[in-house]
Amino acid sequence: MIARYLEPIVVSNLFKGKAIIIIGPRQVGKTTLVKHIYDGVDKKKLFLNCDDLETKNVLSNQSINRLTDLVGGYDLVVIDEAQRVRDIGIILKIIIDNIRTAQLIVTGSSALELSNQINEPLTGRKFEYILYPISAGEMVNETSKFEESGILYKRLIYGSYPDVIKSPGNEKEILNNLASSYLYRDLFAYQDIRKPVLLENLLKALALQIGSEVSYNELSRLLSSDIKTIERYIDLFEKVYIIFRLNSFSRNLRTELKKSRKIYFYDNGIRNVLIRNFNDINSRTDTGQLWENFLVSERIKHTHYKKEYVSRYFWRTNQQQEIDYIEDFGGKLYAYEFKWSPTKKSLFSKSFINNYNVAETRTITPNNYLEFIT
(Lines give C-alpha, C1' and ligand atoms only; values in the text may rest on other atoms or scores of the structure.)
Protein backbone atom coordinates (compact mmCIF):
# COMPACT_ATOMS: atom_id res chain seq x y z
CA MET A 1 0.00 0.00 0.00
CA ILE A 2 1.21 3.51 -0.80
CA ALA A 3 1.44 5.27 2.57
CA ARG A 4 -1.19 8.02 2.83
CA TYR A 5 -0.68 11.29 4.67
CA LEU A 6 -4.10 10.89 6.26
CA GLU A 7 -3.18 7.74 8.17
CA PRO A 8 -1.13 9.30 11.01
CA ILE A 9 -3.70 12.10 11.28
CA VAL A 10 -6.49 9.57 11.82
CA VAL A 11 -4.43 7.42 14.19
CA SER A 12 -3.58 10.46 16.34
CA ASN A 13 -7.30 11.13 16.88
CA LEU A 14 -8.35 7.60 17.81
CA PHE A 15 -10.05 7.04 21.17
CA LYS A 16 -10.74 10.71 21.82
CA GLY A 17 -14.50 10.33 22.12
CA LYS A 18 -15.41 11.34 18.58
CA ALA A 19 -16.24 9.45 15.40
CA ILE A 20 -13.76 9.75 12.55
CA ILE A 21 -15.41 10.27 9.17
CA ILE A 22 -13.40 9.78 5.96
CA ILE A 23 -15.10 10.90 2.78
CA GLY A 24 -13.95 11.59 -0.76
CA PRO A 25 -14.36 10.47 -4.35
CA ARG A 26 -14.93 6.83 -5.15
CA GLN A 27 -11.89 4.67 -5.88
CA VAL A 28 -9.31 6.85 -4.07
CA GLY A 29 -8.41 4.19 -1.49
CA LYS A 30 -10.63 4.87 1.54
CA THR A 31 -11.26 1.18 2.26
CA THR A 32 -7.58 0.29 1.80
CA LEU A 33 -6.62 3.06 4.22
CA VAL A 34 -9.03 2.10 6.99
CA LYS A 35 -8.16 -1.59 6.69
CA HIS A 36 -4.51 -0.70 7.22
CA ILE A 37 -5.38 1.37 10.28
CA TYR A 38 -7.70 -1.38 11.53
CA ASP A 39 -4.99 -4.03 11.22
CA GLY A 40 -2.62 -1.87 13.27
CA VAL A 41 -4.94 -1.50 16.28
CA ASP A 42 -4.34 -4.14 18.96
CA LYS A 43 -7.77 -3.98 20.58
CA LYS A 44 -11.09 -5.76 20.27
CA LYS A 45 -12.42 -4.61 16.92
CA LEU A 46 -15.16 -5.07 14.36
CA PHE A 47 -15.17 -4.30 10.62
CA LEU A 48 -18.58 -3.76 9.03
CA ASN A 49 -18.93 -3.53 5.25
CA CYS A 50 -22.20 -1.91 4.26
CA ASP A 51 -22.00 -3.40 0.78
CA ASP A 52 -23.10 -6.58 2.59
CA LEU A 53 -26.92 -6.62 2.63
CA GLU A 54 -27.21 -8.28 6.06
CA THR A 55 -24.86 -5.76 7.65
CA LYS A 56 -26.77 -2.92 6.00
CA ASN A 57 -30.11 -4.22 7.31
CA VAL A 58 -28.84 -4.67 10.87
CA LEU A 59 -27.36 -1.17 10.96
CA SER A 60 -30.56 0.30 9.53
CA ASN A 61 -32.42 -0.76 12.66
CA GLN A 62 -32.30 2.27 14.96
CA SER A 63 -33.06 0.33 18.14
CA ILE A 64 -30.47 1.08 20.83
CA ASN A 65 -30.63 -2.54 22.01
CA ARG A 66 -30.02 -3.95 18.51
CA LEU A 67 -27.13 -1.57 17.90
CA THR A 68 -25.65 -2.38 21.32
CA ASP A 69 -25.83 -6.09 20.52
CA LEU A 70 -23.96 -5.40 17.28
CA VAL A 71 -21.12 -3.11 18.37
CA GLY A 72 -21.16 -3.23 22.17
CA GLY A 73 -17.99 -4.62 23.72
CA TYR A 74 -15.76 -3.54 20.84
CA ASP A 75 -13.07 -0.90 21.24
CA LEU A 76 -12.85 -0.09 17.51
CA VAL A 77 -15.69 -0.31 15.00
CA VAL A 78 -15.11 0.44 11.32
CA ILE A 79 -18.19 1.09 9.17
CA ASP A 80 -17.15 1.03 5.53
CA GLU A 81 -19.29 2.39 2.65
CA ALA A 82 -21.64 4.01 5.14
CA GLN A 83 -23.57 5.87 2.44
CA ARG A 84 -25.37 2.60 1.76
CA VAL A 85 -27.27 2.84 5.07
CA ARG A 86 -30.35 5.05 5.27
CA ASP A 87 -30.21 7.67 8.04
CA ILE A 88 -26.65 6.67 8.91
CA GLY A 89 -26.08 9.97 10.74
CA ILE A 90 -28.82 9.22 13.28
CA ILE A 91 -27.50 5.67 13.73
CA LEU A 92 -23.95 6.90 14.35
CA LYS A 93 -25.26 9.45 16.85
CA ILE A 94 -27.08 6.70 18.76
CA ILE A 95 -23.90 4.60 18.88
CA ILE A 96 -21.70 7.52 19.98
CA ASP A 97 -24.13 8.69 22.68
CA ASN A 98 -24.95 5.25 24.09
CA ILE A 99 -21.92 3.03 23.46
CA ARG A 100 -19.15 5.32 24.61
CA THR A 101 -16.45 2.66 24.63
CA ALA A 102 -16.57 2.22 20.85
CA GLN A 103 -14.30 4.26 18.59
CA LEU A 104 -16.02 4.67 15.22
CA ILE A 105 -14.19 5.05 11.91
CA VAL A 106 -16.66 5.62 9.11
CA THR A 107 -15.92 5.80 5.39
CA GLY A 108 -18.26 7.01 2.72
CA SER A 109 -18.27 8.30 -0.78
CA SER A 110 -19.34 11.81 -1.59
CA ALA A 111 -22.93 10.59 -1.22
CA LEU A 112 -22.64 11.38 2.47
CA GLU A 113 -22.22 15.02 1.44
CA LEU A 114 -24.99 14.91 -1.14
CA SER A 115 -27.53 13.37 1.20
CA ASN A 116 -26.41 15.52 4.16
CA GLN A 117 -26.81 12.48 6.41
CA ILE A 118 -24.02 13.20 8.88
CA ASN A 119 -23.50 16.93 9.34
CA GLU A 120 -26.41 17.86 11.59
CA PRO A 121 -26.71 14.61 13.65
CA LEU A 122 -22.95 14.50 14.34
CA THR A 123 -22.31 18.17 15.10
CA GLY A 124 -19.52 18.23 17.70
CA ARG A 125 -19.21 14.46 17.62
CA LYS A 126 -16.82 13.89 14.71
CA PHE A 127 -13.48 14.53 13.10
CA GLU A 128 -14.03 14.69 9.35
CA TYR A 129 -11.36 14.28 6.66
CA ILE A 130 -11.22 14.11 2.87
CA LEU A 131 -9.10 11.51 1.09
CA TYR A 132 -8.03 12.71 -2.34
CA PRO A 133 -6.35 10.86 -5.20
CA ILE A 134 -2.74 10.12 -4.31
CA SER A 135 -0.68 13.28 -3.86
CA ALA A 136 2.72 14.08 -5.30
CA GLY A 137 4.10 14.18 -1.77
CA GLU A 138 2.86 10.66 -1.06
CA MET A 139 4.49 9.44 -4.25
CA VAL A 140 7.79 11.16 -3.40
CA ASN A 141 7.79 9.33 -0.06
CA GLU A 142 7.06 6.08 -1.88
CA THR A 143 9.82 6.53 -4.49
CA SER A 144 11.93 9.71 -4.62
CA LYS A 145 11.84 13.26 -5.92
CA PHE A 146 14.03 12.18 -8.81
CA GLU A 147 11.68 9.39 -9.89
CA GLU A 148 8.53 11.43 -9.44
CA SER A 149 9.82 14.42 -11.40
CA GLY A 150 10.93 12.03 -14.14
CA ILE A 151 7.33 10.97 -14.80
CA LEU A 152 5.70 14.36 -14.34
CA TYR A 153 4.31 14.09 -17.87
CA LYS A 154 2.33 10.98 -16.82
CA ARG A 155 0.76 12.81 -13.89
CA LEU A 156 -0.30 15.66 -16.20
CA ILE A 157 -1.94 13.23 -18.63
CA TYR A 158 -3.22 10.36 -16.47
CA GLY A 159 -3.59 11.87 -13.00
CA SER A 160 -3.07 10.01 -9.75
CA TYR A 161 -5.93 7.68 -8.87
CA PRO A 162 -4.47 4.64 -7.08
CA ASP A 163 -5.42 2.12 -9.79
CA VAL A 164 -3.96 4.40 -12.46
CA ILE A 165 -0.65 4.67 -10.63
CA LYS A 166 -0.47 0.94 -9.88
CA SER A 167 -1.26 -0.17 -13.43
CA PRO A 168 1.23 1.39 -15.85
CA GLY A 169 0.23 0.71 -19.43
CA ASN A 170 -3.49 0.40 -18.58
CA GLU A 171 -4.15 4.01 -17.60
CA LYS A 172 -6.59 4.78 -20.42
CA GLU A 173 -8.73 1.71 -19.75
CA ILE A 174 -8.86 2.40 -16.02
CA LEU A 175 -9.77 6.06 -16.49
CA ASN A 176 -12.48 5.17 -18.99
CA ASN A 177 -13.90 2.73 -16.45
CA LEU A 178 -13.77 5.33 -13.69
CA ALA A 179 -15.57 7.87 -15.85
CA SER A 180 -18.26 5.48 -17.06
CA SER A 181 -18.87 3.49 -13.86
CA TYR A 182 -18.21 5.78 -10.90
CA LEU A 183 -18.12 9.46 -11.84
CA TYR A 184 -21.87 10.09 -11.80
CA ARG A 185 -23.00 7.22 -9.58
CA ASP A 186 -23.59 9.27 -6.44
CA LEU A 187 -25.28 12.05 -8.37
CA PHE A 188 -27.78 9.70 -10.00
CA ALA A 189 -28.39 7.78 -6.76
CA TYR A 190 -28.89 10.70 -4.39
CA GLN A 191 -30.06 13.65 -6.47
CA ASP A 192 -32.95 14.34 -8.77
CA ILE A 193 -31.05 14.58 -12.05
CA ARG A 194 -33.59 15.24 -14.77
CA LYS A 195 -31.11 15.94 -17.57
CA PRO A 196 -28.26 13.40 -17.45
CA VAL A 197 -27.11 14.34 -20.95
CA LEU A 198 -26.79 17.97 -19.86
CA LEU A 199 -24.79 16.81 -16.84
CA GLU A 200 -22.23 15.09 -19.07
CA ASN A 201 -22.08 17.91 -21.61
CA LEU A 202 -21.60 20.50 -18.88
CA LEU A 203 -18.71 18.60 -17.36
CA LYS A 204 -17.06 18.29 -20.77
CA ALA A 205 -17.50 22.02 -21.34
CA LEU A 206 -15.85 22.74 -17.99
CA ALA A 207 -13.02 20.36 -18.86
CA LEU A 208 -12.28 22.45 -21.91
CA GLN A 209 -12.14 25.66 -19.84
CA ILE A 210 -9.76 24.77 -17.01
CA GLY A 211 -7.56 27.74 -16.12
CA SER A 212 -9.95 30.18 -17.83
CA GLU A 213 -12.65 32.34 -16.33
CA VAL A 214 -15.99 30.56 -16.46
CA SER A 215 -19.22 32.38 -17.26
CA TYR A 216 -22.43 30.66 -16.17
CA ASN A 217 -24.33 32.79 -18.70
CA GLU A 218 -22.12 31.55 -21.53
CA LEU A 219 -22.50 27.95 -20.38
CA SER A 220 -26.25 28.44 -20.23
CA ARG A 221 -26.33 29.66 -23.83
CA LEU A 222 -23.88 27.02 -25.06
CA LEU A 223 -25.83 24.14 -23.54
CA SER A 224 -29.32 25.61 -24.05
CA SER A 225 -30.16 25.35 -20.37
CA ASP A 226 -31.32 27.78 -17.71
CA ILE A 227 -28.63 29.31 -15.52
CA LYS A 228 -30.09 27.92 -12.26
CA THR A 229 -29.66 24.36 -13.55
CA ILE A 230 -26.08 25.14 -14.59
CA GLU A 231 -25.31 26.54 -11.14
CA ARG A 232 -26.93 23.56 -9.39
CA TYR A 233 -25.03 20.99 -11.44
CA ILE A 234 -21.71 22.76 -10.89
CA ASP A 235 -22.43 22.79 -7.15
CA LEU A 236 -23.12 19.04 -7.29
CA PHE A 237 -19.87 18.41 -9.20
CA GLU A 238 -18.06 20.12 -6.35
CA LYS A 239 -19.81 18.04 -3.71
CA VAL A 240 -18.72 14.79 -5.37
CA TYR A 241 -15.12 16.04 -5.62
CA ILE A 242 -14.87 16.17 -9.40
CA ILE A 243 -14.22 19.90 -9.65
CA PHE A 244 -13.56 22.90 -7.43
CA ARG A 245 -13.95 26.64 -7.90
CA LEU A 246 -11.33 29.35 -7.49
CA ASN A 247 -12.79 32.82 -7.00
CA SER A 248 -11.21 36.10 -7.99
CA PHE A 249 -9.38 38.13 -5.32
CA SER A 250 -10.68 41.66 -4.84
CA ARG A 251 -10.40 44.14 -1.98
CA ASN A 252 -9.06 47.55 -2.93
CA LEU A 253 -8.63 48.26 -6.61
CA ARG A 254 -11.54 49.50 -8.73
CA THR A 255 -10.16 47.70 -11.77
CA GLU A 256 -10.16 44.24 -10.15
CA LEU A 257 -12.56 41.61 -11.42
CA LYS A 258 -14.82 40.97 -8.44
CA LYS A 259 -17.18 38.12 -9.29
CA SER A 260 -15.20 35.93 -11.63
CA ARG A 261 -14.30 32.31 -11.03
CA LYS A 262 -12.16 29.59 -12.51
CA ILE A 263 -12.99 25.90 -12.33
CA TYR A 264 -10.43 23.13 -11.98
CA PHE A 265 -10.55 19.34 -11.73
CA TYR A 266 -9.25 17.44 -8.71
CA ASP A 267 -7.55 15.02 -11.08
CA ASN A 268 -5.96 15.63 -14.48
CA GLY A 269 -6.74 12.10 -15.66
CA ILE A 270 -10.48 12.54 -15.09
CA ARG A 271 -10.34 15.83 -17.00
CA ASN A 272 -8.53 14.27 -19.93
CA VAL A 273 -10.77 11.22 -20.19
CA LEU A 274 -13.81 13.50 -20.40
CA ILE A 275 -12.43 15.22 -23.50
CA ARG A 276 -10.92 11.96 -24.83
CA ASN A 277 -7.43 13.42 -25.11
CA PHE A 278 -4.43 11.39 -23.90
CA ASN A 279 -2.01 12.85 -26.41
CA ASP A 280 1.64 13.27 -25.50
CA ILE A 281 2.41 16.42 -23.51
CA ASN A 282 4.64 17.82 -26.27
CA SER A 283 1.96 17.59 -28.95
CA ARG A 284 -0.87 19.28 -27.03
CA THR A 285 -2.23 22.81 -27.18
CA ASP A 286 -3.44 22.72 -23.56
CA THR A 287 -0.17 21.95 -21.76
CA GLY A 288 -0.28 25.22 -19.83
CA GLN A 289 -3.82 24.47 -18.67
CA LEU A 290 -2.84 20.96 -17.55
CA TRP A 291 0.13 22.36 -15.67
CA GLU A 292 -2.01 24.92 -13.87
CA ASN A 293 -4.71 22.38 -13.01
CA PHE A 294 -2.14 19.94 -11.68
CA LEU A 295 -0.41 22.49 -9.46
CA VAL A 296 -3.57 23.97 -7.96
CA SER A 297 -5.12 20.56 -7.22
CA GLU A 298 -1.88 19.22 -5.73
CA ARG A 299 -1.52 22.34 -3.61
CA ILE A 300 -5.00 21.72 -2.19
CA LYS A 301 -3.99 18.20 -1.18
CA HIS A 302 -0.77 19.49 0.35
CA THR A 303 -2.40 22.18 2.50
CA HIS A 304 -5.27 19.88 3.52
CA TYR A 305 -3.00 17.15 4.87
CA LYS A 306 -0.69 19.73 6.50
CA LYS A 307 -3.74 21.33 8.17
CA GLU A 308 -2.90 24.70 6.68
CA TYR A 309 -6.23 26.47 6.45
CA VAL A 310 -5.75 28.89 3.58
CA SER A 311 -8.09 30.87 1.35
CA ARG A 312 -7.37 30.53 -2.38
CA TYR A 313 -7.87 32.94 -5.25
CA PHE A 314 -6.70 34.10 -8.62
CA TRP A 315 -6.32 37.82 -9.49
CA ARG A 316 -7.09 39.73 -12.64
CA THR A 317 -7.88 43.31 -13.63
CA ASN A 318 -9.75 44.90 -16.51
CA GLN A 319 -6.35 45.70 -18.01
CA GLN A 320 -5.55 41.96 -18.10
CA GLN A 321 -3.00 42.10 -15.30
CA GLU A 322 -3.17 38.73 -13.60
CA ILE A 323 -1.72 36.34 -11.05
CA ASP A 324 -2.43 32.62 -11.48
CA TYR A 325 -2.81 31.65 -7.84
CA ILE A 326 -2.93 33.45 -4.48
CA GLU A 327 -3.12 32.09 -0.94
CA ASP A 328 -4.30 34.16 2.01
CA PHE A 329 -2.65 32.61 5.06
CA GLY A 330 -2.03 34.18 8.46
CA GLY A 331 -3.08 37.63 7.26
CA LYS A 332 -0.52 37.64 4.45
CA LEU A 333 -0.76 36.97 0.74
CA TYR A 334 1.39 34.53 -1.20
CA ALA A 335 1.32 34.99 -4.97
CA TYR A 336 2.36 32.37 -7.54
CA GLU A 337 2.73 32.23 -11.30
CA PHE A 338 2.79 28.88 -13.09
CA LYS A 339 5.08 28.51 -16.12
CA TRP A 340 5.56 25.24 -18.00
CA SER A 341 8.70 26.65 -19.64
CA PRO A 342 11.42 27.21 -17.01
CA THR A 343 12.92 30.02 -19.12
CA LYS A 344 9.79 32.18 -19.09
CA LYS A 345 9.91 35.00 -16.55
CA SER A 346 7.00 36.26 -14.48
CA LEU A 347 6.42 39.95 -13.87
CA PHE A 348 4.21 40.39 -10.82
CA SER A 349 1.96 43.42 -10.96
CA LYS A 350 3.33 46.41 -9.05
CA SER A 351 -0.20 47.62 -8.31
CA PHE A 352 -0.95 44.31 -6.59
CA ILE A 353 2.28 44.27 -4.60
CA ASN A 354 1.94 47.94 -3.60
CA ASN A 355 -1.66 47.63 -2.44
CA TYR A 356 -1.51 44.41 -0.46
CA ASN A 357 0.51 42.73 2.28
CA VAL A 358 2.38 40.34 -0.01
CA ALA A 359 4.73 37.99 1.83
CA GLU A 360 6.00 36.09 -1.20
CA THR A 361 5.96 36.06 -4.99
CA ARG A 362 7.24 32.97 -6.74
CA THR A 363 7.20 31.37 -10.18
CA ILE A 364 6.57 27.62 -10.21
CA THR A 365 8.11 25.62 -13.07
CA PRO A 366 8.99 21.94 -13.62
CA ASN A 367 12.36 22.75 -12.03
CA ASN A 368 10.96 23.65 -8.61
CA TYR A 369 7.36 22.39 -8.49
CA LEU A 370 7.97 19.68 -5.89
CA GLU A 371 8.97 22.33 -3.37
CA PHE A 372 5.54 23.86 -3.86
CA ILE A 373 3.39 20.73 -3.51
CA THR A 374 5.32 18.39 -1.16
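Judged purely by atom type and a 3.5 angstrom limit, Arg261 uses its side chain to pair as donor or acceptor with the backbone of Val214. Within the 3.5 Å criterion, the main-chain N or O of Ser12 finds a donor-acceptor partner in the side chain of Lys16.
The 12-atom threshold is not exceeded at NZ of Lys35, counting heavy atoms of other residues, nucleotides or ligands nearer than 6.0 Å.
For the ring-ring contact (aromatic ring centres under 6.0 Å, His included) test, no residue two or more places apart in sequence or in another chain qualifies with Phe127. The side chain to side chain donor-acceptor pair (under 3.5 Å) search around Asp51 returns Arg84, not counting sequence neighbours.
Between Lys301 and Thr374, the side chains place no donor N or O within less than 3.5 Å of an acceptor N or O (distance only, hydrogens not considered). Judged purely by distance below 3.5 Å, without hydrogens or angles, the side chains of Ser167 and Asp163 never pair a donor atom with an acceptor atom.
For Tyr356 and Phe352, the distance between ring centers is under 6.0 angstrom. Taking the six-membered ring for Trp and the full ring otherwise, Trp315 and Tyr325 have centroids separated by 6.0 Å or more. Separation of the Phe249 and Phe314 ring centroids does not fall under the 6.0 Å cut-off.
Below 30°, between 30° and 60°, or above 60°: for Phe244 and Tyr264 the angle between ring planes is below 30°, a parallel geometry.
The side-chain heavy atoms of Tyr153 and Leu156, taken from C-beta on, include no pair separated by under 4.5 Å. Looking only at side-chain heavy atoms (C-beta outward), Leu290 and Asn272 come within less than 4.5 Å of each other.
Atoms CD1 and OG1, from Ile151 and Thr143 in turn, are 6.5 Å apart once rounded to the nearest 0.5 Å.
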